[in-house]
Amino acid sequence: MDYKQQAMYNNGGSGNFRLRMVNFEMKENHISHETQGLSETQLVVRRGKPFKLTLLFGGRTWNPHTDKVVLLVRLGNLARSIPVLFSDQCSNLHKWSAKVYSRERHAHSVIVHICSPVMSAVGVYELLVQIETPWDKRICSVGAFALLCNPWLQYDPVYMPQEAQIEEYVKSDFGLVYCGTSANVQSRPWSFGQYEPGVLEACLTLLQISPQHLHDSDRDYISRADPVYLSLVICAMVNCNDDLGILLGRWTNEYHDGVKPTDWTGSADILRQWLLSKFKPVRYGQCWVFASVLCTGSSF
């Protein structure tokens, strides 16, 4: 079922223009944004590509000449105000926009198409709706959505022009990991597990507890638009040296208080254990385990 958020606007009287409900249209948006299976409870979309919400109103109908509807997206202390406009023009990929096409406006509902800038920061955004009439102004938080990079969009630095590359590096959740020495290379099957429950949540949480974020959250949020910066942060957080990272490495034969590195077969169990333990390092990993978990964290 698509996620719906009840808006707390029932105190304005039955005749007032008010927001009654928001439908995040999760099923359709996830198909459109190639994010099917990443989350069953949260809207997940990709930057630079419009996604849609349905706003349902109560009371009288929306009069665009006197009533203003504004969306606010908030990432930590950073926020953007996006007026909802009636327009049939294409979205500007360099700034936030929210528009309603004329054919999608009804007496008590509208479909709003929201587009983020192609260089938006990766993270979980809070969404608020503000309604301003000649008599009052009300605002309400209606939910959240996760915004990811977009390898399908040519203006995104992570763009991959070949579908085979996207299939292997983004969509495929199973592969082989190679380890050993130059004279003795061995392959191991590995489940990258990006569609497993809790994995996306763990990867997004990883960014929230990085030293960069804890030191200066505003600067970290702004920097998250850069995939190189994201890669450096995730790479550093895969091990637990000097931070709240995921894995503790060990290269001896003493693994009685943890899991022998060769016993791991996928990233999901490692990431879920780390998340559920409130960021205690998972024991134990070696080079190919670190690399495989890094691949999962970078696949979104």
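Values below: all heavy atoms of this structure, side chains included; hydrogens, waters and symmetry mates excluded.
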Query - Check: Val44 main-chain N/O paired with His30 side-chain donor or acceptor under 3.5 Å - result: yes
Query raised in the report: Taking only residues two or more places apart in sequence or in another chain, which ones pass salt bridge (charged side-chain N to carboxylate O under 4.0 Å, His left out) with Lys52?
Result: Glu28
Report task. Mind running side chain to side chain contact (heavy atoms under 4.5 Å, CB included) on Val233 and His213 for me, showing each step along the way? Result -> CA-CA 10 Å; Val233 171; His213 186 81; over 6 Å; no
Report task. Classify the angle between the aromatic ring planes of Phe86 and Trp62 as parallel (below 30°), tilted (30 to 60°) or perpendicular (above 60°). Result -> tilted
Report task. Would you mind reporting whether Asp173 and Glu196 have side-chain heavy atoms less than 4.5 Å apart? Result -> no
**Report entry** Cation-aromatic face contact Arg188/Trp288, 6.0 Å, 45 degrees
**Finding:** yes
Report task. Give the intermediate values and the outcome of side chain to side chain contact (heavy atoms under 4.5 Å, CB included) for residues Thr133 and Arg60. Result -> CA-CA 12 Å; Thr133 71; Arg60 61 175 174 81; 4.0 Å; yes
**Report entry** Check ion pair Glu34-Lys171 (N to O, under 4.0 angstrom)
**Finding:** yes
Query raised in the report: Is there a chain of hydrophobic side chains (I, L, V, M, F, W, Y, each step under 4.5 Å between heavy atoms) that links Val69 to Phe24?
Result: yes
Query raised in the report: Do other residues, nucleotides or ligands put more than 12 heavy atoms under 6.0 Å from Tyr155 OH?
Result: no
Query raised in the report: Are the side chain of Arg47 and the backbone of Leu148 linked by a donor-acceptor contact shorter than 3.5 Å?
Result: no
Query raised in the report: Side chains of Val129 and Cys140: does their closest heavy-atom pair fall under 4.5 Å?
Result: no
Requested in this report: Without swapping roles, check the side chain of Ser39 against the backbone of Gln42 for a donor-acceptor pair under 3.5 Å.
Outcome: yes
Query - Asp220 side chain to Tyr229 side chain, donor-acceptor N/O pair below 3.5 angstrom - result: yes
Query - Glu132: partners by salt bridge (charged side-chain N to carboxylate O under 4.0 Å, His left out), with sequence neighbours left out - result: none
Report summary line: Heavy atoms of Arg105 and Pro64 approach each other most closely as NH2-CD, 3.2 Å
Requested in this report: Take Lys137 and Ile131 through the side chain to side chain contact (heavy atoms under 4.5 Å, CB included) test and state the conclusion after the steps.
Outcome: CA-CA 6 Å; Lys137 180 170 67 175; Ile131 290 186; over 6 Å; no
Query raised in the report: Would you say the side chain of Phe290 lies within less than 4.5 Å of the side chain of Ile246, judging by non-hydrogen atoms?
Result: no
Query raised in the report: Is it true that a side-chain atom of Ser299 and a backbone atom of Val170 form a donor plus acceptor pair closer than 3.5 Å?
Result: no
Query raised in the report: So do the side chains of Glu201 and Thr41 get within less than 4.5 Å of each other, counting heavy atoms only?
Result: no
Query raised in the report: Under 6.0 Å between the ring centres of Phe174 and Trp190?
Result: no
Query - Non-hydrogen atoms of Phe192 and Cys295 that approach each other most closely - result: CE2-CB, 3.8 Å
Query raised in the report: Does some side-chain heavy atom of Leu19 sit less than 4.5 Å from a side-chain heavy atom of Val142?
Result: yes
Report task. Please report the shortest heavy-atom distance between Gly37 and Glu40, naming the atom on each side. Result -> CA-OE2, 4.5 Å
Query raised in the report: Would you say Leu206 and Leu275 are hydrophobically clustered, going by side-chain heavy atoms of ILVMFWY under 4.5 Å?
Result: yes
Query - Sidechain-backbone polar pair: Arg46 side chain, Cys149 backbone, donor-acceptor under 3.5 Å - result: yes
Query raised in the report: Are Leu248 and Val293 connected, step by step, through hydrophobic side chains (Ile, Leu, Val, Met, Phe, Trp, Tyr) whose heavy atoms are closer than 4.5 Å?
Result: no
Query - Beyond-backbone contact of Cys115 with Leu93, side-chain heavy atoms, under 4.5 angstrom - result: yes
Report task. First locate atom CG of Leu294, then atom SG of Cys235, and finally report the distance between them rounded to the nearest 0.5 Å. Result -> 5.5 Å
Report task. Search all heavy atoms of Leu75 against all heavy atoms of Ala121 and return the closest pair with its distance. Result -> CD2-CB, 3.8 Å
**Report entry** Residue list, side-chain contact (heavy atoms from CB on, under 4.5 Å) with Glu254, at least two apart or on another chain
**Finding:** Arg250, Thr252
Report task. Flag yes if more than 12 heavy atoms outside His106 fall under 6.0 Å of its NE2 atom; otherwise flag no. Result -> yes
Requested in this report: Give, for atom SG of Cys287 and atom CG of Asn239, the distance between the pair rounded to the nearest 0.5 Å.
Outcome: 12.5 Å
Report task. Please work out which of the three classes, parallel, tilted or perpendicular, describes the rings of Phe145 and Trp96, given edges at 30° and 60°. Result -> perpendicular
Query raised in the report: Just wondering, more than 12 heavy atoms not from Asp242 lying within 6.0 Å of its CG?
Result: no
**Report entry** Ile82 reachable from Leu53 in the ILVMFWY side-chain graph, under 4.5 Å edges
**Finding:** yes
Query raised in the report: If you round to the nearest 0.5 Å, how far is CG of Asp67 from CH2 of Trp135?
Result: 7.0 Å
Query raised in the report: Considering only heavy atoms from C-beta outward, does the side chain of Phe279 approach that of Thr205 to under 4.5 Å?
Result: yes
**Report entry** ILVMFWY network linking Leu207 to Leu200, side-chain heavy atoms under 4.5 angstrom
**Finding:** yes
**Report entry** Under 3.5 Å donor-acceptor, Ser81 side chain and Leu72 backbone
**Finding:** no
**Report entry** Exam field: side chain Asn29 to backbone Glu25, donor-acceptor pair closer than 3.5 Å
**Finding:** yes
Query - Approximate separation, where rounding is to 0.5 Å, of Ile222 CD1 and Ser120 OG - result: 12.5 Å
Query raised in the report: Could you go step by step and tell me if Leu38 and Tyr195 meet the side chain to side chain contact (heavy atoms under 4.5 Å, CB included) rule?
Result: CA-CA 5 Å; Leu38 295 183; Tyr195 305 112; 3.7 Å; yes
Query - Exercise: identify the closest heavy-atom pair between Leu271 and Cys203 - result: CD1-SG, 4.2 Å
Requested in this report: To the nearest 0.5 angstrom, please state how far the CG atom of Asp218 sits from the CG atom of Asn77.
Outcome: 4.5 Å
Query raised in the report: In Å and rounded to the nearest 0.5 Å, what is the CG to OH distance from Asp263 to Tyr284?
Result: 13.5 Å
Query raised in the report: Sub-3.5 Å donor-acceptor pair from the side chain of Ser292 to the main-chain atoms of Val289, do we have one?
Result: no
Query raised in the report: Closest approach of Pro261 and Gly285, non-hydrogen atoms and distance?
Result: CG-C, 4.1 Å
Requested in this report: Report yes or no: does Ser277 contribute a side-chain atom to a donor-acceptor pair with the main-chain N or O of Trp274 at less than 3.5 Å?
Outcome: yes
**Report entry** Exam field: side chain Asp156 to backbone Asn150, donor-acceptor pair closer than 3.5 Å
**Finding:** yes
Requested in this report: Answer yes or no: does atom CZ of Arg80 have more than 12 heavy-atom neighbours from other residues, nucleotides or ligands under 6.0 Å?
Outcome: no
Query raised in the report: Heavy atoms, side chains only, cut-off 4.5 Å: are Glu104 and His113 in contact?
Result: yes
